[in-house]
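I have placed the structure first, in the form of structure tokens, so that the comments after it can refer back to it.
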Amino acid sequence: MPELPEVETIARGLAPHLVGRRVAAVEVRERRLRERVEAGFAAALTGRCITALARAGKTLVASLDDGRSWLVHLGMTGRLTLHDGPTAPRPHDHVQVVFDDGRRLVYNDVRRFGRLLIVAPEALAAAVGCGLEPLGPEARPDVLAGRARRRRLSIKAFLMDQRLVLGIGNIYASEILFHAGVRPRRQAGSLTRGEWGRIVAGIRAVLEDAIACGGSSISDYRDGFERFGSYQLRHRVYDRAGDPCLACGARIRSAVIAGRSSYYCPACQR
DNA sequence: CGCACCCCCTGCCGGC
DNA sequence: TGCCGGCAGGGGGTGC
């Protein structure tokens, strides 16, 4: 579910409410997430003050006043919701963090593919991943082309590989490649300078537009206050197989690439 | 090296 | 109406 725009939306929305708050209590109702929530998780978080809340790739990073970080990866169906006061537990509410102002942050995850962990400063980079931030200053055509040199993997798999680029998942990879006019199956190492320029422009345009829309709410995604995003209304190709291309009218095609459903316009993308 | 295929887990949707 | 297979935004492992 949540790719960079969704996680960014959650971080921006929750930060003003959580930064400066101290954790009064932590309740773990279900430890069996993608990895087991560690026995020391609640103790490590309890009593800590949150000094910053940001996004790194698809991971939410809450900085703590002891120098460590609380990481939340939402997997496919994870949700973080801030409630003003006590609430009756809902199905799949796995962890609840109570703050000193009485508000509660609830982690809900139907499929339990998410992760919650506390990491020391030296372990933060490895936990988040070594790909480059697609909206950061290092996301330039020459840098991406360098990482793709002599690589034969598809450009779509390249964009989605978190060791290469952070934050881009299955929805935005298709949308970015449509914006760039590049077919998803093209080998990453074969792209021209001009194509890399269009891909970098597509990354910025699509991700920034999606952030401005509060992300894409396909089925599960909501922000930290259970609000819907609206970028799903602006998808040009994702989940539109058989529908007319909004630019040229050709029928959008779907194909499985590196195991994931992919969507593209056979006329606009080459 | 790249990818097909398996797993993790639950829910929903379409076809029969 | 009900059951069943397929598929879903994530990632990780194996083996060809």
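Residue numbers begin at 1 in each chain, while the letters A, B, ... track the order of the sequences. This is a predicted model, so every value here is computed, not measured.
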- On the ring face of A:Phe99, is A:Arg22 found with NZ or CZ under 6.0 Å from the centre and within 45° of the axis? no

- Note on the structure: Pairs under 3.5 Å (Watson-Crick or G-U), crossing ones as [ ], inter-strand ones as |: DNA chain B comes out as .|||||||.|||||||

- Start with the C-alpha distance between A:His17 and A:Arg103, add both sets of side-chain angles, then the distance that settles side chain to side chain donor-acceptor pair (under 3.5 Å), and finish with yes or no. CA-CA 9 Å; A:His17 300 269; A:Arg103 292 208 270 190; 3.2 Å; yes

- Message: If you take any heavy atom closer than 4.0 Å to DNA chain B, which residues from residues 206-214 of chain A end up in contact?
- Response: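 Heavy-atom cutoff 4.0 Å gives no residues at all.
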
- In whole Å, what separates the P atom of C:dG2 from that of B:dC9? 28 Å

Taking only distance into account, with no hydrogens and no angle test, what donor-acceptor pairs under 3.5 Å do side-chain atoms of residues 245-261 of chain A form with protein atoms, sequence neighbours excluded?
unit_1: A:Arg251; atom_1: NH1; unit_2: A:Gly242; atom_2: O; d: 2.8

Cut-off 3.5 Å, no hydrogens considered: what does the side-chain donor-acceptor table look like for residues 34-45 of chain A, sequence neighbours left out?
unit_1: A:Glu35; atom_1: OE2; unit_2: A:Arg115; atom_2: NE; d: 3.3
unit_1: A:Glu35; atom_1: OE2; unit_2: A:Arg115; atom_2: NH2; d: 2.9

- Message: Please verify the inter-ring angle class for A:His235 with A:Tyr172; under 30° counts as parallel, over 60° as perpendicular, anything in between as tilted.
- Response: perpendicular

- To the nearest Å, how far apart are A:Met76 CE and C:dG12 P?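 In whole Å, C:dG12 P and A:Met76 CE are 14 Å from each other.
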
- Calculate the interatomic distance between A:Arg260 atom CZ and C:dC7 atom C1'; express it in whole Å.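 Taking CZ of A:Arg260 and C1' of C:dC7, I get 11 Å after rounding.
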
- Query: Of all nucleotides in DNA chain B with an atom under 4.0 Å from a non-hydrogen atom of chain A, which is the first and which the last going 5' to 3'?
  - Reply: B:dG2 to B:dG11

- Counting N and O atoms only, with roles assigned by atom type, does the side chain of A:Glu175 sit under 3.5 Å from a partner on the main chain of A:Tyr238, one being a donor and the other an acceptor? yes

- Query: Would you say the ring centroid of A:Tyr107 lies under 6.0 angstrom from that of A:Trp70?
  - Reply: no

- Taking DNA chain C as the partner, which of residues 105-116 of chain A come within under 4.0 angstrom of it by heavy atom?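 Close to the strand are A:Arg111, A:Phe113.
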
